[in-house]
Undergrad: 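Before we start, here is the structure in question, set down as structure tokens.
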Amino acid sequence: MRGVTAGSEPALQLLPLVFADPGEARARAELLLESAPAPLPASIAHQVLGIWQRDFGDLRIALTHLRRARDLAARADSADREADVLATLGVALVHAGRTRQGLASFERGVSRGTGHTRARVLYRRAYVWWVLGHHPEALEDVRRALPVLRQLRDDIWTARALTLRATVHLALGAVDRADADFTAAERLWDTTGQEHDKADAVESRGLAAFRSGDIPLALRLLDEAEERYAKLGTPTYMLSVRRCEVLMAAGLAPEALAEADAAIALLDRLGGQSTRKAELLLAAARAARSAGDAHTAIARAAVAVRLFAAQRRLWWETHARLVLIEARVAAGRCSGRLVGDAAAVAERLASFGSPAAPEASLLAGRIALALGWTADAERHLAVAARSRRGGSPTARMTGWAAQALRARAAGSRRGVLEACRHGLDVLDDHRMTLGASELRAHVTAQGAELAALAQEVSLTDDRPRRLLEWSERWRATVLSTPPTRPPADATLLSGLTAYREIAARAEESRMEGRPVPALEREQRRLEREIRSRTRHIRGSAPHEGARFEVPRLLDRLGEDRLVELAVVQGRVHVLLCGRGRVRRFVGGPLADAVAEAEYVQAGLRRLAHPGAEARLPLVEAAGARLQELLLAGAVPHLGAGPVVIVPPGALHRVPWALLPALRDRVLSVSPSAGSWLRARETEPPRDGRTVLVRGPGLATGGAEVPELADRYGTATVLEGDDAQVPRVLSELDGAGLAHLAAHGTFRADSPLFSALRMSDGPLIVHDFERLARSPYRIILSSCDTARLASVGADELLGLVTALLPLGTAGVVASSAPVNDAAVVPLMLALHKGLTAGLSLAESLRDARTTLPSDTVHQATGWAFAAFGAA
């Protein structure tokens, strides 16, 4: 740098160090200032402290340091030194929301700098243009800076410029160009020791992976970047913004909202960058909107709009306005003004080249349709529909949604179904790139509107078969294929082992009445780590193409009946399948059925304990009301044979055996008709091994297990120290029949951590997903093992649904707390039926008839259900 003396060289080394090891650079700069240095090295030290405070601390303190650095550079009579500080100050001013002052600082920096320094100033101004959303200006400044940086073999600043240009390309939707620049930058970073810059490059590659549709890779790279930042002790505000975007695309909006709000709170405490706060507010608004919290979305988006406007960031402000309009519509607002606002936003986004432009056009079309403005709606929807032919999965689904709405407005039912089919095909292909069942389940929410439109058309046409096909098209799709088996990941395996130990110790301390907060914190940390590692697993794409076929279902059913409950516009429709036909009956409002089911569940919890006999008539009356709401006119047509019930996710906890028409029947439950078909066609293993497991802490000690061991003779019995998770999993793999007498816990907040307690800790759903083949039949004799979480479009996550795609054809489990003592005779009678050659459903029906007639035993029988078809 011109004008820098030899004595200033140690101070100059601080500038690259602040991006390699920020903490160390800060400490050295403070130490340098204690020695009362000359103006030029003092200017460098203050600049380093300003950069640290700007990026990781208090922006007000940063500005104080940087102004001091500028003044000292002027005193040192070094034009290049002054230009360099002016660029750093310009970035800080823009981040503080003082856009006009920041750009003025850059103008002076560009005019004062020469050669190498001027190229670095241009790079930083390009960064500011990107922050402001001025993408053409950013690309122009990078174009001017890169040749000089390359000619001087400045690998660090060349890599930064390439990374920035790639990021701008991503904002414009040019993923291929971005990939080329990221690849070139990564080769350069490998030759440097700039650890913070390397972490930033990994973060940027994560964003590129997301833009190309690879969510597992994006999550892995963002997690890797976070680990790198953590080693450097630096906050990760931009990383939070990017991870929020990826989490929302994966259907994890509540998680994204929590992350954005936490980052905002930290930024406020530190007095950090106003620009980053605005971006985090926008991320929080998007997440709240996706999570269905319209009022929070409005509040966050409104503040983001004001901040972006004050910062003169029109690109960002326009995106925030889009979210604000979407949230207002979600809150029930609908007016001509909103149509105009959405159209203006769409036009401006299109002028920016933003990939979000079709989303805004779709929004304008939706509002216009709601107002009956058909011509305006067609104009906006036609623009949005263009995106169906290319771009990211989200963009193509936006286009197909617009095309479906156009067809509906034009009265073309065939056009609606065609658009819905294409849109859901896109979602299927995208879903199959995800290896984790959690992500597959959540991402289905993106297809809810398309499936609902197709259902409405099928209902209007009064075609029950078509309504059944479309109800199956989006129901329990996660169960259509097994989750991708986790790789031999040593970190994941050690995490699962550590989790079991910590969770067991935490549970023991809680049971002793002395919970240890440190153990519970460590358990939550390990859960986050396991969840994170699992989400990195990639699935196989494209979608395999297996489709549900009504004729095949009817052929398999024969004289039996399958009842699928479809929900269209809030009302239950009963689709009765059997004897070669599909008939439709109209049930009651879904909301009424859900409320009644919750009442019944509460009643069963009371009946599980002696002394609640007076509640039995109330529970039975509620069961009769449920039958009227859910089966209605289908009851006289159920026939005398077995019945399969396929409920929507909202009704998965109904104790179906309590309904009068089903009480004495052979009854099974399935998440979908397709899932039942696959279970019916699943072949049992040849060796038919029987495994009996007895976990710790049961009130009866698992009293049925010794009797069952005598009955089966050659069964493998695991109890005491033998009932440890690794041994249990080894024996369960490929077994014909497994009976697990163990305490069950359901985790509504994280259903894949629902567990059965073994002697060494919890056996969780993530463990079951590592099996090559889960047992053909499984009996879970403890409480709440059939509880599931309804997520995504109409998906269910929990222990039972984890087993069904892994080779299990039938499960017996309970959807409510049960009396341990009353379970023992029920289980013994159930196994008596199995040894006589009956199915799980037949054995459970017969077992209920053998129980004593008291209330506790009746309630226990009703709480258990047979799932699947074995």
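What you are looking at is a predicted structure, and each value in this text was computed from that prediction instead of being measured.
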Undergrad: Any donor and acceptor pair, going by atom type alone, linking the side chain of S290 with main-chain N or O of A287 inside 3.5 Å?
TA: no

Undergrad: Taking all non-hydrogen atoms of both residues, which atom of A327 and which atom of A294 are closest, and how far apart?
TA: O-CB, 3.7 Å

Undergrad: Is the count of non-hydrogen atoms from other residues, nucleotides or ligands lying under 6.0 Å from E347 atom CD greater than 12?
TA: no

Undergrad: Please evaluate residues R535 and E255 with respect to the criterion salt bridge (charged side-chain N to carboxylate O under 4.0 Å, His left out), reporting the C-alpha separation (whole Å), side-chain torsions for both, the decisive distance (0.1 Å), and the verdict.
TA: CA-CA 14 Å; R535 290 173 180 174; E255 195 171 321; 2.8 Å; yes

Undergrad: Does D141 pair with R144 as a salt bridge, N-O distance under 4.0 Å?
TA: yes

Undergrad: Looking only at heavy atoms, which two atoms of P16 and Q194 are closest? And how far apart?
TA: O-NE2, 2.9 Å

Undergrad: Quick one, D223 with R220, criterion salt bridge (charged side-chain N to carboxylate O under 4.0 Å, His left out). Give me CA distance, side-chain angles, the key distance, then yes/no.
TA: CA-CA 5 Å; D223 287 345; R220 181 177 69 76; over 6 Å; no

Undergrad: Salt-bridged, K198 to E195, with N to O below 4.0 Å?
TA: yes

Undergrad: Do you know the tightest heavy-atom contact between A283 and C244?
TA: CB-CB, 4.0 Å

Undergrad: Can you confirm whether more than 12 heavy atoms, excluding those of R525, are under 6.0 Å from its CZ atom?
TA: yes

Undergrad: Which pair of heavy atoms, one from V121 and one from G109, lies closest together, and at what distance?
TA: CG1-C, 4.0 Å

Undergrad: Is a donor on one side and an acceptor on the other found under 3.5 Å between the side chain of Q311 and the backbone of S274?
TA: yes

Undergrad: Determine whether a donor-acceptor pair (N or O, by modelled atom type, separation under 3.5 Å) exists between the side chain of R243 and the backbone of L219.
TA: no

Undergrad: Under 4.0 Å between a Lys/Arg side-chain N and an Asp/Glu carboxylate O for E227 and K231?
TA: no

Undergrad: How many angstroms lie between atom CD1 of I156 and atom CG of L15, to the nearest 0.5 angstrom?
TA: 11.0 Å

Undergrad: If we only count heavy atoms from C-beta on, is the R348 to L314 side-chain gap below 4.5 Å?
TA: yes

Undergrad: Strictly below 4.0 Å, N to O, side chains only: are R533 and E529 in salt-bridge contact?
TA: no

Undergrad: With the threshold set at 4.0 Å, does a side-chain nitrogen-carboxylate oxygen contact exist between R125 and E137?
TA: no

Undergrad: So, taking the atom named CG in L188 and the one named CZ in R153, what distance separates them when rounded to the nearest 0.5 Å?
TA: 11.5 Å

Undergrad: Should the pair D154-R120 be classified as a salt bridge under the 4.0 Å nitrogen-to-oxygen rule?
TA: yes

Undergrad: Looking at R187 and D155, does any basic side-chain N land under 4.0 Å from a carboxylate oxygen?
TA: no

Undergrad: Report yes if the side chains of Y237 and L266 come closer than 4.5 Å at any heavy-atom pair, otherwise no.
TA: yes

Undergrad: Show the numbers, then the answer: is there a side chain to side chain contact (heavy atoms under 4.5 Å, CB included) between V142 and V168?
TA: CA-CA 10 Å; V142 171; V168 176; over 6 Å; no

Undergrad: Please round to the nearest 0.5 Å and tell me the distance separating atom CG of L66 and atom CG of L59.
TA: 9.0 Å

Undergrad: Begin with the C-alpha distance, continue with both residues' side-chain angles, and end with the deciding distance and a verdict on side chain to side chain contact (heavy atoms under 4.5 Å, CB included) for R26 and L49.
TA: CA-CA 6 Å; R26 178 190 182 188; L49 293 174; 3.8 Å; yes

Undergrad: Whether the R211 and S392 side chains hold a donor-acceptor pair (N or O, under 3.5 Å, no angle test) is what I'd like checked.
TA: no

Undergrad: Can you check whether A346's main-chain N or O pairs, donor with acceptor, with S361's side chain at less than 3.5 Å?
TA: no

Undergrad: Would you indicate whether the side-chain heavy atoms of E203 and L222 approach each other to under 4.5 Å?
TA: yes

Undergrad: Any donor and acceptor pair, going by atom type alone, linking the side chain of S105 with main-chain N or O of L86 inside 3.5 Å?
TA: yes

Undergrad: State, with a plain yes or no, whether a side-chain heavy atom of T275 is found less than 4.5 Å away from one of F308.
TA: no

Undergrad: Please confirm whether the ring centroid of F56 lies under 6.0 Å from the ring centroid of H196.
TA: yes

Undergrad: With a 4.0 Å cut-off, would you call E245 and R242 a salt bridge?
TA: no

Undergrad: Any sub-3.5 Å donor-acceptor pair from D179's side-chain atoms to A208's backbone N or O?
TA: no

Undergrad: Where do R150 and L162 land on the side chain to side chain contact (heavy atoms under 4.5 Å, CB included) test, with the steps shown first?
TA: CA-CA 11 Å; R150 281 173 165 154; L162 288 168; 3.6 Å; yes

Undergrad: Which value, rounded to the nearest 0.5 Å, describes the distance between H135 atom NE2 and W129 atom CH2?
TA: 12.0 Å

Undergrad: Just how far is it from atom CG of L217 to atom CZ of F210, taken to the nearest 0.5 Å?
TA: 12.5 Å

Undergrad: Strictly distance-based, threshold 3.5 Å: is any side-chain N or O of E82 a donor or acceptor partner for the main-chain N or O of D77?
TA: no

Undergrad: Is any NZ, NE, NH1 or NH2 atom of the basic residue among E279 and R313 found under 4.0 Å from an Asp or Glu carboxylate oxygen of the other?
TA: yes

Undergrad: Any chance you could lay out the side chain to side chain contact (heavy atoms under 4.5 Å, CB included) test for T318 and R321, step after step, and finish with the verdict?
TA: CA-CA 5 Å; T318 307; R321 287 192 183 280; 5.5 Å; no

Undergrad: Could you check whether any side-chain N or O of W316 sits under 3.5 Å from a backbone N or O of V131, counting only pairs where one atom can act as donor and the other as acceptor?
TA: yes

Undergrad: Are there more than 12 heavy atoms of other residues, nucleotides or ligands under 6.0 Å from atom CZ of R177?
TA: no

Undergrad: If we only count heavy atoms from C-beta on, is the Q151 to P147 side-chain gap below 4.5 Å?
TA: no

Undergrad: Can you tell if the side chain of P22 reaches within under 4.5 Å of the side chain of D55, non-hydrogen atoms only?
TA: no

Undergrad: Less than 4.0 angstrom from a charged side-chain N to a carboxylate O is my criterion; do R289 and E359 meet it?
TA: yes

Undergrad: CG of D341 to CZ of R328: how many Å apart, nearest 0.5 Å?
TA: 8.0 Å

Undergrad: For S43 and P39, indicate whether the former's side chain and the latter's backbone hold a donor-acceptor pair under 3.5 Å.
TA: no

Undergrad: With a 4.5 Å limit on heavy-atom distance, are the side chains of T163 and D181 in contact?
TA: no

Undergrad: Are L146 and R165 close enough that some pair of their side-chain heavy atoms sits under 4.5 Å apart?
TA: yes

Undergrad: If I compare all heavy atoms of H46 with all of H65, which pair ends up nearest, and what's the gap?
TA: ND1-ND1, 3.1 Å

Undergrad: For the rings on F182 and H169, is their centre-to-centre separation under 6.0 Å?
TA: no

Undergrad: Looking at every non-hydrogen atom in both residues, tell me the closest pair between L322 and L363 and how far apart they are.
TA: CD1-CD2, 3.9 Å

Undergrad: Which residues satisfy the side-chain contact (heavy atoms from CB on, under 4.5 Å) test with R67, sequence neighbours excluded?
TA: L63, R70, L89, L93, R98, Q101

Undergrad: Which residues pass the side-chain hydrogen bond (donor to acceptor under 3.5 Å, both in side chains) test with D200, not counting sequence neighbours?
TA: none

